[in-house]
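See below for the structure under consideration.
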Amino acid sequence: MGRSLVSHFSMLTYSAPRFASSIRTCRLRRPQLIRQQAGRDVRCLCSNVVVAVSEPVNSDSSSSAVRKRIVSGVQPTGSIHLGNYLGAIKNWIRLQDTFETFFFIVDLHAITLQYDAQQLLRSTRDTAAIYLACGVDPSKASVFVQSHVRAHVELMWLLSSATPIGWLNRMIQFKEKSRKAGDENVGVALLTYPVLMAADILLYQSDLVPVGEDQKQHLELTRELAERVNYLYGGRKWKKLGGRGGAIFKVPEPLIPPAGARIMSLTDGLSKMSKSAPSDQSRINLLDSKDVITNKIKRCKTDAFPGLEFDNMERPECNNLLSIYQLVTGKTKQEVAEECGDMNWGTFKIVLTDALVDHLHPIQVRYEQIVSDSSYLDEVLAEGARKAADIADVTVNNVYQAMGFLRR
């Protein structure tokens, strides 16, 4: 995902009317699934993630109220780390109890730069297993692989035809990565992947997109694409082609969570914890052993100020480590401040290490159980892809119709 929003793109003057999707999910027979214990704390998005909330219409007045829909994903590149978990996955556990949830592994986003094919295959399965180990419950949520739902790629291509190249040239991440790698080593996918991200969101007629501050630029592109396609092909133009008319896409709104929005590097409190950082010391991976976690916390960057405190701009590492402790323990910010305010770094690092180990150990145990049963994982992914495709295909077929394609 891109970094902080530098500038807004020029917005279209046309404002599409909002509408609720009439898509209804087919409830397929589920295999016997392992039940996971749901967590309680909440957060939303992190780097390499797309999240969306949608509210479908319930056409059967006799049934109970239809839940809003959430769609979210994480790239299968590198190891899932604490930032991914506290920034997105941990949030999913609570959301699955109150929303219709679709969580996917965004493998198509993982090939924008040079990658190892064997590693992508392994990481995709491992990421799915970690979703489940963290508490995503397949009886409540659909878990699938992005490339298993072809509508993501189809809609990306259709949206690409309506995307001005100037919009993509302004995207910060493309500029940064192409500058580092050099033009000869950068594929077109790095330039166009924000269009795929927009397709990931718009396929499910999303109302809200939880994003971090560093991801607002990508949501701006998604919003503008939705408005542009609605203007170019929606309304009466679509109706004349036999369609429903009105807006083709909802225009999603941002939802920026107040706490835990960004988990920072252990070696630099001003940089986000990242899979792509060259040093593994900069992050806590969810599958790190107790000894590895202990060593990383011992060596993490701190400062020379007395005591510990939140929200001091001169102490980014202190704020980051206290925030991690708050999130893994489930305590309030005030409780952590009172407990740790007078501690020195030596004492706090021991407390933080114990909290991390205690929190991650059950996840690691469940992960080993899940990966030992490959057929179970395959069933979960296949079931999730079928349910997602039932919804996504309706959206992409509407776009084909509105853009004038002859359908079979």
Side-chain angles (χ1 to χ4, degrees), residues 4 37-47 80-95 97-98 134-135 210-214 255-274 281-286 288-364:
S4 58
Q37 178 64 41
R40 300 303 305 166
D41 290 342
V42 62
R43 237 287 287 138
C44 295
L45 196 60
C46 65
S47 180
I80 299 293
H81 56 68
L82 200 64
N84 301 133
Y85 171 61
L86 296 178
I89 301 173
K90 195 167 186 286
N91 182 44
W92 300 351
I93 311 311
R94 193 176 84 171
L95 296 177
D97 291 327
T98 52
C134 289
V211 294
E213 287 287 348
D214 61 328
L255 177 63
I256 301 175
R262 301 186 77 186
I263 300 299
M264 313 307 285
S265 167
L266 297 181
T267 57
D268 179 5
L270 297 176
S271 298
K272 195 170 183 178
M273 188 175 287
S274 171
Q281 173 66 31
S282 68
R283 55 188 168 265
I284 299 291
N285 302 305
L286 292 196
D288 280 346
S289 67
K290 177 179 179 180
D291 290 343
V292 170
I293 293 173
T294 300
N295 183 57
K296 287 181 177 180
I297 296 300
K298 279 183 179 179
R299 299 173 57 194
C300 71
K301 184 179 179 181
T302 55
D303 56 45
F305 290 88
L308 305 177
E309 59 184 330
F310 284 102
D311 301 327
N312 185 336
M313 294 183 62
E314 296 182 0
R315 308 186 68 185
E317 288 79 19
C318 183
N319 185 74
N320 184 47
L321 295 175
L322 287 174
S323 296
I324 291 173
Y325 181 66
Q326 175 192 347
L327 291 168
V328 298
T329 59
K331 297 179 180 180
T332 66
K333 193 172 183 178
Q334 182 177 350
E335 288 172 339
V336 172
E338 293 174 354
E339 176 188 355
C340 305
D342 295 328
M343 288 185 183
N344 58 39
W345 280 116
T347 302
F348 176 69
K349 285 185 175 183
I350 294 173
V351 172
L352 176 59
T353 298
D354 290 342
L356 283 168
V357 171
D358 289 345
H359 191 88
L360 296 180
H361 179 69
I363 294 173
Q364 295 170 355

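Note that these values count all heavy atoms, side chains included, but never hydrogens, waters or copies made by symmetry. On a predicted model such as this, the values are computed, not experimentally measured, just so you know.
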To the nearest 0.5 Å, how far apart are [atom1] in [X] and [atom2] in [Y]?
X    : Y    : atom1 : atom2 : value
R315 : N320 : CZ    : CG    : 13.0 Å
L322 : L352 : CG    : CG    : 8.5 Å
M273 : Y85  : CE    : OH    : 13.5 Å
L321 : I297 : CG    : CD1   : 6.5 Å
T332 : E338 : OG1   : CD    : 7.5 Å
Q281 : K298 : CD    : NZ    : 12.0 Å

Evaluate the side-chain contact (heavy atoms from CB on, under 4.5 Å) criterion for residues K296 and V292: first the C-alpha distance (whole Å), next the side-chain angles of each, then the deciding distance (0.1 Å), finally the verdict. CA-CA 6 Å; K296 287 181 177 180; V292 170; 3.7 Å; yes
Are any non-hydrogen side-chain atoms of [X] and [Y] less than 4.5 angstrom apart?
X    : Y    : result
E339 : V351 : yes
T302 : F348 : no
N312 : N319 : no
L266 : I284 : yes

Tell me if a side-chain donor or acceptor on Q364 pairs with a main-chain N or O of D288 at a distance below 3.5 Å.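 Judged by distance alone, yes, a pair lies under 3.5 Å.
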Using only atom types and a distance under 3.5 Å, with no angle test, would you say the side chain of D268 pairs donor to acceptor with the backbone of S265?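 Between the backbone of S265 and the side chain of D268 there is no qualifying donor-acceptor contact (under 3.5 Å).
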For N344 and T347, run side-chain hydrogen bond (donor to acceptor under 3.5 Å, both in side chains): C-alpha distance rounded to whole Å, both residues' side-chain angles, the deciding distance at 0.1 Å, then the answer. CA-CA 6 Å; N344 58 39; T347 302; 2.9 Å; yes
Closest approach of [X] to [Y] (non-hydrogen atoms, all atoms of both residues):
X    : Y    : answer
T329 : A355 : CG2-CB, 3.9 Å
G83  : H81  : N-ND1, 2.9 Å
Y325 : C340 : CE2-SG, 3.9 Å

Give the C-alpha distance, both sets of side-chain angles, the deciding distance and a yes or no for side-chain contact (heavy atoms from CB on, under 4.5 Å) between L286 and C134. CA-CA 9 Å; L286 292 196; C134 289; 3.7 Å; yes
Just by distance, no angles: are the side chains of T294 and D291 close enough, under 3.5 Å, to form a donor-acceptor pair?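 Side-chain D/A pair, T294 to D291: absent.
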Going through the checks in order, is the side-chain contact (heavy atoms from CB on, under 4.5 Å) test met by D311 and K333? CA-CA 11 Å; D311 301 327; K333 193 172 183 178; 2.6 Å; yes
Could you walk me through whether L356 and I324 satisfy the side-chain contact (heavy atoms from CB on, under 4.5 Å) test, starting with their C-alpha distance in whole Å, then the side-chain angles of each, then the deciding distance to 0.1 Å, before giving a yes or no? CA-CA 9 Å; L356 283 168; I324 291 173; 4.0 Å; yes
Might you confirm whether atom NZ of K349 has over 12 heavy atoms from other residues, nucleotides or ligands at distances under 6.0 Å?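 More than 12 heavy atoms, drawn from other residues, nucleotides or ligands, come within 6.0 Å of this atom.
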Please identify which of these residues, L82, N285, L360, meets the side-chain contact (heavy atoms from CB on, under 4.5 Å) condition with I293.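 That would be L360.
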